[in-house]
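Before any comments, here is the structure.
Basis for what follows: all heavy atoms, side chains included, without hydrogens, waters or symmetry-related copies.
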Amino acid sequence: VFIARLWRVPAHRIAGILSPWPLFGLICARIGNFWNSEMTGTPSSFPFAIGFYFSGDHGAVPRHPVQLYEAVLTLLLLCIMLVVFLKKRATHRPYLLPALAVTGYSAIRFLSDFVKDDPGHLFGPWLSTGQWLSLIFGIGGILLLKAGGTPRD
């Protein structure tokens, strides 16, 4: 908001310009998690399952590469945001790109926690802590989309 006032630009334009960049950082972080064998998945018999040497079993059990799932899905989310931006829908609907980024990444994190090895259950056995937080941010993204107003001509 401070930058928008300083530059005399609407805040939704600044938010739209900045919204894809954290997703690039998240993709790089997930690739780093893959290289460091962090956030490994549950044991799997799929052909693309990977034995992570730095995990507790030193690669003896093939596991889901959850980090790569998140990186690829986040890249797909970026592509969707690019298509929306290029079709000029983002200029007619304020906060569309930030809402897509928040809601989309929340959905990716929510789904990926189902195949993570010991995601941590702080609030009960049904959903992991990450899934509860993803729900909260996903609802926030939907509210951001609703707060953006009606399409402009």
Side-chain angles (χ1 to χ4, degrees), residues 1-4 11-90 93-148:
V1 175
F2 173 73
I3 293 173
H12 68 86
R13 289 204 181 162
I14 299 292
I17 291 168
L18 296 178
S19 61
W21 296 107
L23 296 177
F24 284 112
L26 289 167
I27 290 171
C28 294
R30 294 303 167 242
I31 291 171
N33 292 143
F34 176 73
W35 285 338
N36 290 331
S37 299
E38 300 166 348
M39 292 179 20
T40 58
T42 55
S44 173
S45 62
F46 287 146
F48 49 83
I50 296 172
F52 292 98
Y53 180 75
F54 294 114
S55 65
D57 55 16
H58 297 293
V61 178
R63 299 178 176 278
H64 283 284
V66 179
Q67 315 92 328
L68 296 182
Y69 297 164
E70 286 189 25
V72 168
L73 289 174
T74 306
L75 184 62
L76 179 66
L77 175 62
L78 276 170
C79 292
I80 291 169
M81 289 174 62
L82 179 66
V83 168
V84 167
F85 178 74
L86 292 178
K87 291 203 178 239
K88 302 294 184 192
R89 291 185 183 151
R93 184 98 180 173
Y95 297 108
L96 178 62
L97 290 178
L100 277 174
V102 171
T103 308
Y105 191 70
S106 296
I108 291 168
R109 286 296 306 265
F110 184 86
L111 294 174
S112 70
D113 261 13
F114 283 116
V115 291
K116 281 186 185 170
D117 189 28
D118 191 29
H121 295 275
L122 185 62
F123 300 115
W126 302 284
L127 295 176
S128 69
T129 305
Q131 287 173 321
W132 282 108
L133 293 172
S134 295
L135 279 175
I136 293 168
F137 277 96
I139 291 169
I142 291 169
L143 292 175
L144 181 64
L145 184 61
K146 294 284 185 182

Revision key, fill the gap. When every non-hydrogen atom of Met81 is compared with those of Ser19, the smallest separation belongs to CE-OG, 3.7 Å

Point to revise | Shortest non-hydrogen separation from Gly138 to Ser106 and the atoms involved | key: N-OG, 3.3 Å

**Study point:** Heavy-atom neighbours of Phe114 CZ exceed 12 at 6.0 Å
**Key:** yes

Exercise for review: Say whether, by atom type as modelled, one donor and one acceptor occur between the side chain of Arg63 and the main chain of Gly41 under 3.5 angstrom.
Suggested key: yes

Exercise for review: Calculate, to the nearest 0.5 Å, the distance between atoms CG and CZ belonging to Asp57 and Phe52 respectively.
Suggested key: 10.0 Å

**Study point:** Nearest atoms (heavy-atom pairs only) where Phe137 meets Val102
**Key:** O-CG1, 3.2 Å

Study note, to complete from the structure: When Leu97, Leu78, Leu77 are each screened for side-chain contact (heavy atoms from CB on, under 4.5 Å) with Pro20, the one that passes is Leu78

Check your understanding: Does Tyr53 OH have over 12 foreign heavy atoms under 6.0 Å away?
Key -> no

Study note, to complete from the structure: All heavy atoms of Val66 vs all of Met39, minimum pair found to be CB-O, 4.0 Å

**Study point:** Derivation of the side chain to side chain contact (heavy atoms under 4.5 Å, CB included) call for Leu68 and Phe48
**Key:** CA-CA 11 Å; Leu68 296 182; Phe48 49 83; over 6 Å; no

Study note, to complete from the structure: On a heavy-atom basis, the closest approach of Ala60 and Pro62 is O-CD, 3.7 Å

Practice item. Might you point out which heavy atoms bring Ile27 and Ala71 nearest each other, and give the distance in Å? Key: CG1-O, 3.9 Å

Check your understanding: Distance from Lys116 atom NZ to Thr40 atom OG1, nearest 0.5 Å?
Key -> 10.5 Å

Check your understanding: Stepwise, does the side chain to side chain contact (heavy atoms under 4.5 Å, CB included) test hold for Val84 with Leu100?
Key -> CA-CA 10 Å; Val84 167; Leu100 277 174; 4.0 Å; yes

**Study point:** Chi angles and distances behind the side chain to side chain contact (heavy atoms under 4.5 Å, CB included) call for Glu70, Leu73
**Key:** CA-CA 5 Å; Glu70 286 189 25; Leu73 289 174; 5.9 Å; no

**Study point:** Reported CG-to-CG distance for the pair Leu26 and Asn33, which is rounded to 0.5 angstrom
**Key:** 10.0 Å

Review point. When rounded to the nearest 0.5 angstrom, what distance separates CD1 in Ile108 from CG in Leu76?
Key: 7.5 Å

Review point. Going through the distances and angles, do Leu135 and Trp132 end up as a side chain to side chain contact (heavy atoms under 4.5 Å, CB included)?
Key: CA-CA 5 Å; Leu135 279 175; Trp132 282 108; 4.2 Å; yes

Review point. Just wondering, more than 12 heavy atoms not from Tyr69 lying within 6.0 Å of its OH?
Key: yes

**Study point:** Straight-line distance of Leu133 CG to Phe110 CZ, nearest 0.5 Å
**Key:** 11.5 Å

Check your understanding: Are any non-hydrogen side-chain atoms of Asp113 and Ser134 less than 4.5 angstrom apart?
Key -> no

Check your understanding: Any sub-3.5 Å donor-acceptor pair from Gln67's side-chain atoms to Ile31's backbone N or O?
Key -> no

